[in-house]
Amino acid sequence: MQTWLFKSEPDAFSWDDLVSRGKKGEAWDGVRNYQARNNMRKMQVGDLGFFYHSNEGKDVVGICRVIAKAHPEANDATGKWECVDVAAVTAMPKPVTLDAVKLNPKLAGMMLVVNSRLSVQPVTAEEWKEVCRMGELDPKKLKGS
DNA sequence: GCCAACGTTGGC
DNA sequence: GCCAACGTTGGC
């Protein structure tokens, strides 16, 4: 299993919005960046991701799960763009702010720090563990979900 | 609201 | 195929 980070402006689509979708989840559409699309193409059902609020909050607020592999966007006339479907798994007991991430030397290489503009990012196993620790979430409890 | 960083577009 | 111009993103 790989881990990822999904960015969203809470004004447009927030963590609460995803939670309200329940098990049906949400199509992660609107991505118009090849790097982000390519990351989504690598995702497998069951992969987990951080849900990050950009602009407002600037923090990792929850964990989501990929429930459908990359598929063409319904309303994309060009046929170039794809999206995965994601559903909420659990909220972060303690949201991890961008400030806190930047202050942690272990996370200096995170895409969130290095390339903050990429909207769908890969997260390494080490980064995943560390951010979960900071958020006071036991990553082992996420397994098998 | 500003602006730096980045990605894309289009003229040559 | 290069690169200047432009648009967008997102932190501050």
Side-chain angles (χ1 to χ4, degrees), chain A residues 1-22 24-139 142 145:
Chain A
M1 185 199 71
Q2 284 184 266
T3 53
W4 310 92
L5 182 144
F6 295 87
K7 259 193 330 196
S8 184
E9 291 189 44
D11 279 352
F13 188 81
S14 70
W15 169 250
D16 287 342
D17 291 330
L18 186 63
V19 169
S20 73
R21 297 293 191 276
K24 286 184 177 177
E26 176 82 3
W28 204 257
D29 55 12
V31 173
R32 293 292 179 269
N33 173 284
Y34 289 105
Q35 250 184 296
R37 186 200 65 182
N38 292 342
N39 286 333
M40 288 198 289
R41 282 182 171 174
K42 292 178 199 159
M43 294 180 188
Q44 300 293 327
V45 171
D47 279 2
L48 297 174
F50 291 130
F51 193 103
Y52 175 79
H53 277 165
S54 63
N55 279 313
E56 291 285 321
K58 282 173 288 180
D59 48 6
V60 174
V61 288
I63 307 287
C64 58
R65 179 175 180 271
V66 176
I67 57 171
K69 288 178 72 169
H71 55 87
E73 265 191 36
N75 299 319
D76 170 36
T78 70
K80 282 196 294 191
W81 303 108
E82 299 176 12
C83 58
V84 295
D85 294 355
V86 296
V89 174
T90 183
M92 275 283 168
K94 196 179 152 205
V96 180
T97 65
L98 179 63
D99 283 347
V101 168
K102 283 185 169 173
L103 286 170
N104 188 333
K106 287 182 186 171
L107 301 176
M110 256 190 107
M111 292 302 281
L112 197 61
V113 179
V114 175
N115 181 5
S116 63
R117 291 191 47 185
L118 186 60
S119 59
V120 179
Q121 313 179 346
V123 173
T124 68
E126 291 74 24
E127 290 161 356
W128 183 265
K129 265 179 62 182
E130 184 64 11
V131 174
C132 283
R133 191 188 62 73
M134 292 165 75
E136 295 176 6
L137 184 75
D138 183 357
L142 295 168
S145 59

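Below, all heavy atoms of this structure are taken into account, side chains as well, without hydrogens, waters or symmetry copies. Lettering follows sequence order; numbering is per chain, from 1. Just so it is clear, the structure is predicted and the values come from calculations on it, not from any experiment.
- Atom CD in A:Glu9 sits about 15 Å away from atom P in C:dC12, given to the nearest Å.
- In this entry the distance linking CG of A:Asp59 with C1' of C:dG10 reads 14 Å, nearest Å.
- A salt bridge links A:Arg133 with A:Glu130: the distance from a Lys NZ or Arg NE/NH1/NH2 to an Asp or Glu carboxylate oxygen falls below 4.0 Å.
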Side chain to side chain contact (heavy atoms under 4.5 Å, CB included), that's the test. Do A:Met110 and A:Val131 meet it? Break it down for me. CA-CA 10 Å; A:Met110 256 190 107; A:Val131 174; 4.1 Å; yes
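- Checking C:dG11, B:dG7, B:dC6 against every side-chain atom of A:Arg117, the shortest atom distance belongs to B:dC6.
- At a threshold of 4.0 angstrom between heavy atoms, the contacts of A:Leu118 with the nucleic acid are absent.
- What separates CE of A:Met111 from P of C:dT9 is a distance of 17 Å, to the nearest Å.
- Atom NZ of A:Lys102 and atom P of C:dG10 are 13 Å apart (whole Å).
- A:Trp81 has its ring centre less than 6.0 Å from the ring centre of A:Tyr34.
- In this model, a donor atom of one side chain and an acceptor atom of the other lie less than 3.5 Å apart for A:Asp17 and A:Ser14.
- Between the CD atom of A:Gln35 and the P atom of C:dT9 there is a distance of 15 Å, rounded to whole Å.
- Taken over five-pair windows at either terminus, the axes of the helix from B:dG1-C:dC12 to B:dC12-C:dG1 are inclined to one another by 10° (rounded to 10 degrees).
- A side-chain donor from one of A:Thr78 and A:Asp76 sits under 3.5 Å from a side-chain acceptor of the other.
- For C:dT9, neither phosphate oxygen OP1 nor OP2 lies less than 4.0 angstrom from any side-chain nitrogen or oxygen of A:Tyr52.
- You'll find that the side chain of A:Asn115 is closest to B:dC6, out of C:dG11, B:dC6, C:dC12.
- Between the side chains of A:Asn39 and A:Trp4, no donor N or O sits under 3.5 Å from an acceptor N or O.
- Rounded to an integer number of Å, the gap from NZ of A:Lys7 to C1' of B:dA5 is 12 Å.
- Nucleotide C:dG10 holds its P atom 12 Å from the CG atom of A:Leu98, rounded to whole Å.
- Following rounding to the nearest Å, A:Leu112 (CG) and C:dC12 (P) show an atom-to-atom distance of 10 Å.
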| message | Apply side chain to side chain contact (heavy atoms under 4.5 Å, CB included) to residues A:Leu98 and A:Tyr52 and explain how you reach the verdict. | response | CA-CA 9 Å; A:Leu98 179 63; A:Tyr52 175 79; 3.7 Å; yes
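- Evaluation of atom-type donor-acceptor distances gives no pair under 3.5 Å for the side chain of A:Arg32 against the base of C:dT8.
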